[in-house]
Amino acid sequence: MIPTIMKMRIYEKDKNKIRLFFPLIIIWILLIALMIALFPLILVVSLILWPFGYGEKLLLFGPRLISVIGALSGLVVQVEDIDNKFYLYIK
Amino acid sequence: MNEERRKILDMLAEGKISTDEAEKLLAAISSEESGEKKSQPESSSEKQSLKYLRVVVEPAPDNKDGEKVNIRVPMKLMRAGIKLASLVPVDVQGKVQDALKEKGVKLDLSQITEDNLEELIEALSDLTVDVEGKEKVRIFCE
């Protein structure tokens, strides 16, 4: 399942607390729009770079980056000590 | 298993066992075979169901100032990350490996391919680390 929500909380002693709830669906929409817009340019550049061995890697970069972002679902990072707390959850 | 069946049939042919005994022995062998086949998919499905790599650090009870760490990394993120890392140009890989070596991590990125990626993740699935000292460190897969 693709990640849709990111929750982040940062608590530092004597400083403002930060609580962030971000819908990642916005990122997905922007990313897809960007990839559609840039696809012709990427295709031309990859054809130019193909004889040098970089064309295939350029074409594969976008889908693999999306797969990395898609695999973030379920990531939890929680670090806390007596004065500070950091919490990141991607669902 | 075919050798065991042959031995049973040879014993039957030589008259060492009766037909009823041979039938019981063959039935026992076939039930063992079906049991092995059931257990193998279960163990592979257990490994496939392992979704996260967990790192948990807890301070000792008498160490109130210690840090607590709880990290959960999806296995699919590791797969996707390694596939993305394979796109890194060779000269850049060398620089990354040199930087890792300075930190004491001897890792050859070119050796990690998609073929042995599943073996690596399967090996991680069997990984369990428990360290107790000033802090309790646990690394495991779930």
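Values in this document were obtained by computation on a predicted structure and should not be read as measured data. Every chain is numbered from 1 and lettered A, B, ... according to where its sequence line falls, protein lines coming before strand lines.
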*With no hydrogens and no angle check, is any side-chain donor or acceptor of R64(A) less than 3.5 Å from a backbone partner on K83(B)?*
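Checked: pair present.
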
_List the residues meeting side-chain hydrogen bond (donor to acceptor under 3.5 Å, both in side chains) with E102(B), not counting sequence neighbours, and say none if there are none._
none

*For R72(B), enumerate each residue passing the side-chain hydrogen bond (donor to acceptor under 3.5 Å, both in side chains) test, keeping only those at least two apart in sequence or located in another chain.*
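With sequence neighbours excluded, R72(B) shows a side-chain hydrogen bond (donor to acceptor under 3.5 Å, both in side chains) to no residue whatsoever.
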
Approximate separation, where rounding is to 0.5 Å, of [X] [atom1] and [Y] [atom2]:
X: W28(A); Y: I66(A); atom1: CH2; atom2: CD1; result: 6.0 Å
X: L84(B); Y: S67(A); atom1: CG; atom2: OG; result: 7.0 Å
X: L24(A); Y: M6(A); atom1: CG; atom2: CE; result: 6.0 Å
X: I2(A); Y: I25(A); atom1: CD1; atom2: CD1; result: 5.0 Å
X: K68(B); Y: E80(A); atom1: NZ; atom2: CD; result: 5.0 Å

_I need the minimum non-hydrogen distance between R54(B) and E142(B), along with the two atoms involved._
NH1-OE2, 3.0 Å

Name the member of [options] that forms the most heavy-atom pairs with chain A at distances under 4.5 Å.
options: G81(B), P59(B), P74(B); result: P74(B)
options: E67(B), M75(B), R79(B), M78(B); result: E67(B)
options: V73(B), I71(B), L87(B), V57(B); result: L87(B)

*Within residues 81-91 of chain A, which positions have a heavy-atom distance to chain B below 4.5 Å?*
D81(A), I82(A), Y89(A)

*asked:* Please output the residues of residues 30-62 of chain A in contact with chain B, using a heavy-atom cutoff of under 4.5 Å, in numerical order.
replied: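 Result: Y54(A), K57(A), L60(A), F61(A).
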
_Side chains of T19(B) and L12(B) in contact at under 4.5 Å (non-hydrogen atoms)_ = yes

*Hey, are the side chains of V56(B) and F140(B) touching, using non-hydrogen atoms and a 4.5 Å cut-off?*
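The answer is yes; the side chains approach within 4.5 Å.
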
